[in-house]
Q: 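Quick one: this structure, given as structure tokens, is what I'll be asking you about.
Reckoned from all heavy atoms, side chains included, excluding hydrogens, waters and symmetry mates. Keep in mind that this is a model prediction, so the values were computed, not measured. Numbering starts at 1 and runs along the sequence shown. Atoms within each ligand, like the ligands themselves, are counted from 1 in listed order.
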Amino acid sequence: MHLLKTRPSRAAAVSFALLFGIAALADNPVITHKFTADPAALVYQDTVYLYTGHDECPDRQNRYVMHEWLCFSSTDMVHWTEHPVPLRVSDFQWAQDDAWASQVIHRDGKFYWYVAVTHKTIPGKAIGVAVSDSPTGPFKDARGSALITNDMTTDVSISWDDIDPTVFIDEDGQAYLFWGNTKCRWVKLKPNMIELDGPIHTIDTLPHFTEAPWIHKHGDWYYLSYAYQFPEKTAYAMSKSITGPWEFKGILNELAGNCNTNHQAIIEYKGKHYFIYHTGGIQPNGGSFRRSVCIDYLYYNPDGTLKRVLMTTEGVQPAQ
Ligand code: FUB
């Protein structure tokens with residue numbers, strides 16, 4: 001385990017805060033020693049696990065160079081501990097490269113990590129699933145083959161439409177996989193979490209859907225947030241049912257600073273709501289292919305709609 005070092009400016013701020021009784025803040029981006037992208041978060045036994053892609057594109061080049069996913073944990077949303085790399089593209093024998101967006105969820109004592117990668121033999125992107133007994137891994141390929149491949153969604157001609165998995169388990173125990181680029185799709189999963197259980201559906205009521213769906217629930221409402229247009233903002237829709245219909249509610253987050261993608265995770269932790277995203281905020285050299293995870297608060301209106309996120313450099317205060 002690697003305890004993240006605080007930057008000098010942050011250490012000074014913390015001393016100042018302690019001296020004058022002001023609560024310390026997280027600072028955005030929250031991870032600064034590596035470029036991190038496409039955050040997903042899981043709350044398990046009072047700890048938040050943050051899973052990210054790892055942007056390794058050399059300076060002055062503009063392409064995704066992503067071979068592995070990373071895992072960090074925190075009990076206050078401010079101090080993050082890095083764990084040994086728990087999953088790489090090379091852990092999936094059938095995958096070529098490109099550790100794109102992913103999400104980990106927990107079921108019955110096991111942790112399932114859904115990932116987007118490029119398939120070695122079936123042209124295009126694909127979705128795989130890895131499994132572990134621990135939220136920090138190590139994870140291993142749960143199937144030995146992809147769960148979703150590009151030839152299963154032939155109504156979209158691009159090769160990268162099967163990316164960005166997000167999984168949600170409803171109160172009745174039924175699990176759903178959502179994903180997509182240009183079209184948002186969903187399918188039921190079997191209780192074993194590694195097989196499809198029925199046909200693939202498409203959601204047609206999400207204007208300017210680009211990618212990065214994330215499902216969460218608050219009260220009676222289901223929320224489907226997603227990357228909107230390109231360059232990407234985050235927008236969202238709400239529904240009383242996980243299977244829709246989804247009603248578009250508008251923009252949730254503006255263009256992320258210095259970055260053409262915008263990829264969110266939404267969690268509740270210790271009574272507060274968090275919007276976790278990435279920007280190209282680390283300078284020099286941060287940008288669309290060298291991104292960094294940030295965290296700000298998320299607020300609900302009394303009718304369940306979401307207030308627009310205020311992206312900050314100060315970040316959040318320690319959760320208690
Ligand atoms: O990180 C590669 C891709 O960029 C992700 O899969 C998308 O969501 C976008 O963030």
Q: Hey, can you tell me if Y44 and Y49 have their rings parallel, tilted or perpendicular (30° and 60° cut-offs)?
A: tilted
Q: What is the nearest protein non-hydrogen atom to atom 9 (C) of ligand 1, stated with its residue, atom name and distance?
A: E211 OE2, 3.3 Å
Q: Show the numbers, then the answer: is there a salt bridge (charged side-chain N to carboxylate O under 4.0 Å, His left out) between K183 and D155?
A: CA-CA 10 Å; K183 273 198 183 177; D155 55 324; 2.9 Å; yes
Q: Assess, by modelled atom type and distance only, whether the side chains of H83 and S73 contain a donor and an acceptor separated by less than 3.5 Å.
A: yes
Q: With no hydrogens and no angle check, is any side-chain donor or acceptor of N192 less than 3.5 Å from a backbone partner on E195?
A: yes
Q: At a 4.0 Å cut-off, with the gap strictly under it, does some heavy atom of E232 reach an atom of ligand 1?
A: no
Q: Verify, without hydrogens or angle tests, whether K140 (side chain) and V131 (backbone) share a donor-acceptor contact under 3.5 angstrom.
A: no
Q: Considering only heavy atoms of R291, which atoms of ligand 1 have at least one such atom less than 4.0 Å away?
A: 1 (O), 2 (C), 4 (O), 9 (C), 10 (O)
Q: In the protein, what heavy atom is nearest to atom 10 (O) of ligand 1, and what distance, to one decimal place, separates them?
A: D38 OD1, 2.6 Å
Q: Using a strict cut-off of 4.0 Å, indicate which atoms of ligand 1 neighbour a heavy atom of Y64.
A: 4 (O)
Q: Have a look at T261, D55, D164 and point out the one with the heavy atom closest to atom 6 (O) of ligand 1.
A: D164
Q: What atoms of ligand 1 come within less than 4.0 Å of a heavy atom belonging to A101?
A: 6 (O)
Q: So among D164, D162, T153, T166, which one has a side-chain hydrogen bond (donor to acceptor under 3.5 Å, both in side chains) with W179?
A: D162
Q: What atoms of ligand 1 come within less than 4.0 Å of a heavy atom belonging to H278?
A: 10 (O)
Q: Between A37 and ligand 1, find which residue part has any heavy-atom pair under 4.0 Å and reply side chain, backbone, both or neither.
A: neither
Q: Give me the ring orientation class for F92 and W69: parallel if the planes are under 30° apart, tilted from 30 to 60°, perpendicular past 60°.
A: perpendicular
